[in-house]
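Note that ligands are numbered from 1 as they come in the structure, with each ligand's atoms numbered from 1 the same way. Worth knowing before you read on, the calculation uses all heavy atoms, side chains too, and leaves out hydrogens, waters and symmetry mates.
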Amino acid sequence: MTCRVRSLMVLALILVLTHGCAKTPETQRHAFFAVGTLVEITVFDPPENISEALRATEVALLAEEQRWRAWGNGELAEVNRRLSAGDTVELDAALLAGINRARDIAARSRGHFNPAIGRVVEAWGFNSEERPVGPPPTDQTLVTLLPPPSLNALRRDDNGHWITDDSRLWIDMGAFAKGLAVETAIETLQANGVRNAIVNAGGDLKTIGRHGERAWRIGVRHPRGNGVLAALEALDNESVFTSGDYERFFEWKGERFHHVIDPATARPARGVTSVTIVHADAALADAAATALFVAGANDWQATARALGIDKAMLVLDDGRVMLTPDMQSRITFEDMKMNVEVIAP
Ligand code: AMP
Ligand code: MG
């Protein structure tokens with residue numbers, strides 16, 4: 001072997017090694033089941049400690065799931081059982097903070113978001129982890145649950161313990177807890193040095209940073225079929241949450257009964273098939289998607305105003321799409337011929 005050939009081989013080896021070691025930005029993914037769905041975390045340009053960061057995030061999300069489970073063996077389930085038995089309870093800082101935030105949002109939601117309607121949710125069978133099958137509850141059953149209590153039914157007694165005078169109070173954070181969990185996941189990633197990431201919990205998500213040269217690209221699911229309704233680019237610190245009638249439902253005698261309940265009627269809200277909200281705060285986006293779904297075509301603008309939401313989109317059951325100007329400027333529809341109405345909130 002000549003000296004020249006040998007030096008070329010050495011050079012080639014060095015090139016391969018330096019290429020292998022070069023810190024080119026990369027994407028790392030991690031998926032697991034938590035908060036009732038598949039959670040996918042995608043990190044761009046991960047820090048050295050990415051494995052610990054992802055493990056800490058998974059642990060934090062599983063703790064959120066355990067905290068907010070409203071039936072069975074969750075922390076909130078135990079609180080609910082004791083409250084409805086007339087007992088006093090202690091609320092730890094995390095439970096109290098979440099419940100207080102939910103109560104504030106509920107108070108501004110024009111009655112559409114009410115996390116105190118667990119008994120109604122239970123009457124429809126949407127509390128179960130199994131797929132609900134019906135039948136729908138009878139009118140007599142629903143009448144006993146109307147009007148439902150609000151979170152204001154939770155009060156402190158003279159000793160500072162929590163108690164309720166309304167035995168129908170059953171706290172269900174199902175419309176809000178995923179937002180809280182996604183916030184927790186993002187905070188945990190950031191505390192571990194992650195700067196660019198997306199936490200996607202079954203289509204509800206929050207992004208930080210960018211995917212290198214470009215923003216994170218998001219698809220919004222079409223409420224009918226499995227296709228994509230629209231695409232949008234999520235900026236740094238942005239959450240995209242959707243409430244849809246396709247997520248949990250059963251059919252009974254040809255009619256679809258889904259899991260988003262109008263607190264005014266104790267029945268599934270009518271007229272809307274999905275609502276998508278974009279907002280920095282994932283918990284608010286989650287609650288607002290549910291609230292605007294219940295508000296429907298006539299009251300969604302007032303509800304969006306009351307909640308401070310400027311990016312909202314509703315798909316109605318007749319196929320019409322209503323959205324705010326700020327949402328329109330961020331979204332691209334797959335089908336350019338969609339019947340779209342742009343309405344200021
Ligand atoms: P989401 O998918 O975020 O709209 O949440 C729906 C879940 O929240 C349901 O499965 C119920 O557990 C609960 N829920 C249903 N209707 C309401 C409502 N109007 N306000 C608050 N929580 C609700
Ligand atoms: Mg929600």
S.K.: Looking at every non-hydrogen atom in both residues, tell me the closest pair between Ile277 and Ala312 and how far apart they are.
M.R.: CD1-CB, 3.7 Å
S.K.: Counting both backbone and side chain atoms, is some N or O of Ile117 under 3.5 Å from an N or O of ligand 1?
M.R.: no
S.K.: Using side-chain heavy atoms (C-beta onward) and a distance below 4.5 Å, is Asp157 in contact with Thr88?
M.R.: yes
S.K.: At under 4.0 Å between heavy atoms, which part of Glu247 makes contact with ligand 1: side chain, backbone, both or neither?
M.R.: side chain
S.K.: Using heavy atoms and a threshold below 4.0 Å, how should the contact between Val121 and ligand 1 be classified: side chain, backbone, both, or neither?
M.R.: side chain
S.K.: Within the side chain of Arg168, is there an N or O that forms a donor-acceptor pair under 3.5 Å with the backbone of Arg119?
M.R.: no
S.K.: Is a donor on one side and an acceptor on the other found under 3.5 Å between the side chain of His211 and the backbone of Ile198?
M.R.: no
S.K.: Looking only at protein heavy atoms, which one is nearest to atom 20 (N) of ligand 1, and how far off is it?
M.R.: Asn114 N, 2.9 Å
S.K.: Does Phe126 come within less than 4.0 Å of ligand 1, judged by its heavy atoms?
M.R.: no
S.K.: Are Pro263 and ligand 1 in contact, using a heavy-atom cut-off of under 4.0 Å?
M.R.: yes
S.K.: What residue and atom, counting heavy atoms only, is the protein's closest point to atom 10 (O) of ligand 1, and at what distance?
M.R.: His259 ND1, 3.1 Å
S.K.: Which residue from Gly174, Pro268, Ala175 reaches closest to atom 23 (C) of ligand 1 through any of its heavy atoms?
M.R.: Ala175
S.K.: Given salt bridge (charged side-chain N to carboxylate O under 4.0 Å, His left out), test Glu129 with Arg248 step by step and report yes or no.
M.R.: CA-CA 10 Å; Glu129 304 207 339; Arg248 278 174 83 67; over 6 Å; no
S.K.: Below 4.0 Å from any atom of ligand 1, is there a heavy atom belonging to Arg248?
M.R.: no
S.K.: Given the ring of Phe249, does Arg131 sit roughly above its face, with NZ or CZ under 6.0 Å from the centre of the six-membered ring and within 45° of the axis?
M.R.: yes
S.K.: Which of the atoms in ligand 1, numbered in the order shown and given with their element, are less than 4.0 Å from a heavy-atom of Asp172?
M.R.: 11 (C), 12 (O), 13 (C)
S.K.: Could you check whether the rings of Trp71 and Trp170 sit parallel, tilted or perpendicular, using 30° and 60° as the cut-offs?
M.R.: parallel
S.K.: Angle at the Mg ion (ligand 2) between OD1 of Asp286 and OG1 of Thr290, to 10°?
M.R.: 170°
S.K.: With heavy-atom distances below 4.0 Å as the criterion, list the atoms of ligand 1 near Val294.
M.R.: 19 (N)
S.K.: Relative to the heavy atoms of Phe113, which atoms of ligand 1 are at a distance of less than 4.0 Å?
M.R.: 20 (N), 21 (C)
S.K.: Describe, in one word, how the ring planes of Phe126 and Trp124 are oriented to each other, choosing from parallel (under 30°), tilted (30 to 60°) and perpendicular (over 60°).
M.R.: parallel
S.K.: For ligand 1, which atoms have a heavy atom of His112 less than 4.0 angstrom away?
M.R.: 18 (C), 19 (N), 20 (N)
S.K.: Determine, step by step, whether Arg224 and Val315 satisfy the side chain to side chain contact (heavy atoms under 4.5 Å, CB included) criterion, reporting the C-alpha distance in whole Å, the side-chain angles of both residues, the deciding distance to 0.1 Å, and the verdict.
M.R.: CA-CA 10 Å; Arg224 294 290 175 264; Val315 183; over 6 Å; no
S.K.: Closer than 4.0 angstrom, basic N to acidic O: yes or no for Glu64 and Arg67?
M.R.: yes
S.K.: Considering only heavy atoms, which of Ile171, Ile261, Thr242 lies nearest to atom 19 (N) of ligand 1?
M.R.: Ile261
S.K.: Please answer whether the main-chain N or O of Asn192 pairs with a side-chain N or O of Asn49 as donor and acceptor at a distance below 3.5 Å.
M.R.: yes
S.K.: Run the numbers for me: atoms of ligand 1, each under 4.0 Å from some heavy atom of Asp286, listed by number.
M.R.: 3 (O)
S.K.: Counting backbone and side chain alike, does Ala175 bring an N/O/S atom below 2.8 Å of the Mg ion (ligand 2)?
M.R.: yes
